[in-house]
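Encoded as structure tokens, the structure appears first; notes follow it.
By convention here, the first residue in the shown sequence is residue 1. Any value given below was found using the heavy atoms of this structure, including those in side chains, with hydrogens, waters and symmetry copies removed. Quick caveat: nothing in here was measured; it's all calculated off a predicted structure. For ligands, and for the atoms within them, numbers begin at 1 and follow the listed sequence.
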Amino acid sequence: MTTPTIDGPAATRDLTGPALMRHAERAAELGRSVARTGAVTAKIPELAKVDAGAFGFSVATVEGTELGVGDSDVQFSLQSITKLFALVALLQIEPTAWEHVGWAPTELGYGSVTELERAAGRPRNPFVNAGALIVTDRLLRHTGSAVGRVSTLLRELSGDSATHSDAAVAASEAAADHRNRALAHVLAEHGRLLNPVEDVLGEYYAQCAITGSVLGLARGARFLADRRLHRLVLDSDNIRRINAVLLTSGMYGAAGDIAYRIGLPAKSGVGGGILAALPGVGTVCAWSPPLDLEGNSVGGVAALEHFARTSGWSVF
Ligand code: GLN
């Protein structure tokens, strides 16, 4: 757990474009100044080529304000942020899919084989890797291409035609990965996969390798906040559940710390992106590649904490 960087009372909520821009610019400045204390992921060698100094920040409100600071239209590797869109894609087809993935927080982080083993192969939630493998597996069975379905959904929601699955990143993870293989074999041993292990893993790596920009992501996730958009994407019950599970599990082992410091449902990825939503108000997204020990972007968390505090964005 890290010490909160902001002290003092939270601001009252201010939603005008210029005020949001001011908060976003200050948040980005603060995030950028601490980013270098983290380290770019070592799990996926191809991602080490990314500029560690890149920094993007964006906000989208339900009223239609959209703004970006820094590298806000640069494509980056979404990694675990795709788990959110994969879950949405699956729930669109199979609204009761929760029963296969659960919704409890993890105690041991996103890649724990121990936790999965102890639960007889039942994942904690759709955002730990074991749960995400189940989501990808079911989506593959329903559609024939999980990565195709998730990319299409993201392009539709974000309007970002540059979104694509980066084959070099997928191949790099496939070559270096042992943990997801272990998780997939535990799932298969317990009879929880519908497709062969190698097929599921191939789809999963390609899905994690999907790219997006912070501007596209903030726009693409607006359905989490905008009740008018809800029904075009998913039923309200499922949106409410997704927001709840993002708050308790979207940031892995750090979810409690993030709820305490930021107070927004959020999803991170080892590419350095973090996406957060304030139901009824809007979405906010940060990208900065260096990560902390939990696998969350150091600069992204700091920037979001500052933004949430100064703009008064919190569910509490
Ligand atoms: N592809 C990564 C993995 O499976 C995604 C993890 C993450 O972004 N937290 O380990």
Check: Leu47 and Gln79 side chains under 4.5 Å, non-hydrogen atoms: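 Heavy-atom side-chain distance check passes, below 4.5 Å.
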
What I'd like to find out is whether the side chain of Ser249 reaches to under 4.5 Å of the side chain of Trp103, using heavy atoms alone.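 SC-SC contact between Ser249 and Trp103 ruled out.
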
Which of the atoms of ligand 1 are close to [X], meaning less than 4.0 Å from one of its heavy atoms?
X      : result
Cys208 : 1 (N)
Tyr204 : 3 (C), 4 (O)
Gln79  : 1 (N), 2 (C), 5 (C), 8 (O)
Asn180 : 3 (C), 4 (O), 10 (O)
Asn129 : 3 (C), 4 (O), 10 (O)
Gly269 : 8 (O)
Tyr252 : 7 (C), 9 (N)

[atom] [closest protein heavy-atom partner, distance rounded to 0.1 Å]:
atom                    : result
atom 7 (C) of ligand 1  : Ser80 OG, 2.6 Å
atom 3 (C) of ligand 1  : Glu173 OE2, 3.1 Å
atom 10 (O) of ligand 1 : Lys43 NZ, 2.8 Å

How close do Val284 and Leu264 get, counting heavy atoms only, and between which atoms?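 Distance-wise, the nearest heavy atoms are CG1-CD1, 4.2 Å.
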
Could you tell me which non-hydrogen atom of Thr283 sits nearest to which non-hydrogen atom of Ala218, and how far apart they are?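 Of all heavy-atom pairs spanning Thr283 and Ala218, the closest is OG1-O, 2.6 Å.
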
Is the distance between the ring centroids of Tyr252 and Phe127 under 6.0 Å?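 Not close enough - the centres of the two rings lie 6.0 Å or further apart.
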
Thr136 and Glu203 side chains, donor-acceptor separation under 3.5 Å: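 There is no such pair between these side chains.
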
Does any donor atom in the side chain of Glu115 or Thr106 lie under 3.5 Å from an acceptor atom in the other side chain?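 Glu115 vs Thr106: donor-acceptor pair found between side chains.
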
Checking the N or O distance criterion of under 3.5 Å, is ligand 1 in contact with Val270?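 Such a contact does occur with ligand 1.
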
Is there a nitrogen or oxygen of Lys83 sitting under 3.5 Å from a nitrogen or oxygen of ligand 1?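 Lys83 vs ligand 1: no N/O contact under 3.5 Å.
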
Distance (rounded to the nearest 0.5 Å) between Arg118 CZ and Ser112 OG: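 Arg118 CZ to Ser112 OG: 7.5 Å, rounded to 0.5 Å.
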
